[in-house]
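The structure under discussion appears below in the form of structure tokens.
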Amino acid sequence: MRFYELDREGRLAVLKDHASLTDEDVEILREGSGIDFKMADSMIENAVSFISYPLGIATHFLINGKEYLVPMAIEEPSVVAAASKGAKVARLRGGFTAHADPSIMIGQVQVKGIKDLGRAVEDVMKSKDELLSIANSKSSLARRNAGARDLRCRVIDTDSRGKMLIVELLVDVKDAMGANVINTMCESIAPRIESITNGRVLLRILSNYATHRLVRATARFAREEVGDDAVEGILDAYAFAEADVYRCVTHNKGVMNGIIAVALATAQDTRAIEAGAHAYACRDGRYSSLTHWSRDSNGDLVGSIELPLAVGTVGGLTSTHPIARLSLKILKVESARELACVMASVGLAQNFSALYALVREGIQAGHMRLHARKVAMLAGAEGNMLDEVAERLAREGNITVEHARQIMQEITHDISDGKKVR
Ligand code: MEV
């Protein structure tokens with residue numbers, strides 16, 4: 001049986017086997033256990049309750065030769081199916097090839113009121129080693145062969161408040177998202193920067209524009225599977241997105257459907273990911289597609305994606321939220337860079353499937369088929385009966401459990417009358 005045809009216990013059994021989950025892990029998934037109120041109350045202000053999302057599993061992902069089952073937390077129907085469909089087509093040509101840069105994050109220290117900016121830049125750069133060692137004394141990253149690696153200065157000319165010095169720290173945060181350590185490091189070097197420059201430090205904060213932490217994924221989508229018309233249609237759809245910001249935002253939203261669903265399942269900072277991704281889409285001065293589509297000499301469709309992804313596999317909620325911890329266990333990723341590779345591949349798969357559906361029958365028909373299937377299952381339909389009931393529900397446009405039961409009765413009646421089920 002295929003994963004989506006299994007019932008919940010069947011799906012949990014597959015996960016258990018795939019990721020060597022313990023009985024306790026499975027129980028956590030079964031219960032949908034989250035954080036308790038005490039923890040919620042310690043995390044945010046004025047806490048009163050929780051809100052939960054469905055967690056689904058995208059299948060068929062083959063990335064750099066490794067098989068993945070991908071947990072996705074999302075409220076929107078069809079997204080998990082679309083990711084799985086994209087991955088299924090991609091694996092006909094070997095799946096996804098992905099690479100993530102080392103986890104270098106940028107921290108910024110803003111300095112005002114400097115009389116001689118040129119001199120201040122020189123003096124700060126002369127003290128680079130000292131500043132890096134102050135920053136590194138604030139974290140254990142250096143012991144793990146990571147930490148503050150470099151420092152640079154930029155003089156920016158603001159329209160309204162004149163020139164300022166921005167001192168930037170480049171920090172390898174390894175498997176963390178890195179916000180806390182970067183902020184701590186920026187705060188730690190600020191007093192010394194003030195004494196070196198005779199200026200006044202204002203902001204000391206990471207940049208969520210993680211342009212040194214890019215991830216790239218690429219895949220081929222076989223011509224014979226996709227069909228020539230759809231390949232050409234997808235290229236037209238891509239051209240539309242590249243030429244028109246109204247379309248491009250929706251195109252990239254589809255990409256982010258996949259990326260953010262994995263981010264939520266693994267308790268990442270989704271706002272940081274979104275903000276960085278959309279800024280990156282504007283890196284050439286105009287908003288453009290996060291993915292790129294072309295056709296190779298065999299006629300296959302070739303897709304690629306590139307974006308900054310600041311994600312962590314340690315620290316924050318990733319290791320304390322029971323479901324996030326299990327999502328990482330199911331993913332079997334060994335590093336934040338590997339997680340970024342999975343997320344970029346899911347984004348690309350998602351974009352492929354959205355465009356494929358859009359250039360063929362449109363997006364609604366697929367939604368309706370999936371919805372009809374779920375309603376038929378809720379009504380108790382199984383096996384051949386399930387396909388028949390779902391198909392009639394969608395065709396007749398009356399997708400309710402009541403109608404599904406009525407169709408089931410008719411089919412059962414036909415069978416007992418000796419008529420053949422289609
Ligand atoms: C819906 O959540 C996402 C799509 O609109 C993406 C797209 O139009 O490319 C289907």
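Hydrogens, waters and symmetry mates are skipped; everything else that's a heavy atom, side chains included, is used. Counting convention: from 1, in listed order, for ligands and their atoms alike.
- Against a heavy-atom cut-off of under 4.0 Å, T250 is close to the following atoms of ligand 1: 5 (O), 6 (C), 7 (C), 8 (O), 9 (O).
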| request: Test E9 against R30 for salt bridge (Lys or Arg N to Asp or Glu O under 4.0 Å), laying out the working first. | output: CA-CA 9 Å; E9 286 307 313; R30 202 177 276 124; 2.9 Å; yes

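- Protein heavy atom at the shortest distance from atom 10 (C) of ligand 1 is I363 CD1, 3.7 Å.
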(Q) Apply salt bridge (Lys or Arg N to Asp or Glu O under 4.0 Å) to residues D101 and R216 and explain how you reach the verdict. (A) CA-CA 9 Å; D101 292 340; R216 300 166 195 87; 3.3 Å; yes

(Q) With side-chain contact (heavy atoms from CB on, under 4.5 Å) as the criterion, how do M1 and V14 come out once you've worked through the C-alpha distance, each side chain's angles and the decisive distance to 0.1 Å? (A) CA-CA 11 Å; M1 252 195 205; V14 171; over 6 Å; no

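- The protein non-hydrogen atom at the shortest distance from atom 8 (O) of ligand 1 is R247 NH1, 2.8 Å.
- Atom CG of N183 and atom NZ of K138 lie 14.0 Å apart (nearest 0.5 Å).
- Against a heavy-atom cut-off of under 4.0 Å, E76 is close to the following atoms of ligand 1: 1 (C), 2 (O).
- Annotation: K88, atom NZ; neighbour count of heavy atoms from other residues, nucleotides and ligands within 6.0 Å does not exceed 12.
- Less than 4.0 angstrom separates some heavy atom of K253 from each of these atoms of ligand 1: 1 (C), 2 (O).
- Atom 3 (C) of ligand 1 has N257 ND2, 3.5 Å as its closest protein atom, hydrogens excluded (heavy atom only).
- Atoms of ligand 1 lying under 4.0 Å from any heavy atom of H251, numbered from 1 in the order shown and given with element: 9 (O).
- Those atoms of ligand 1 that come under 4.0 Å of a heavy atom in L358, given as number and element, are 7 (C), 8 (O), 9 (O).
- The neighbour count for E31 CD, taken as heavy atoms of other residues, nucleotides or ligands under 6.0 Å away, is above 12.
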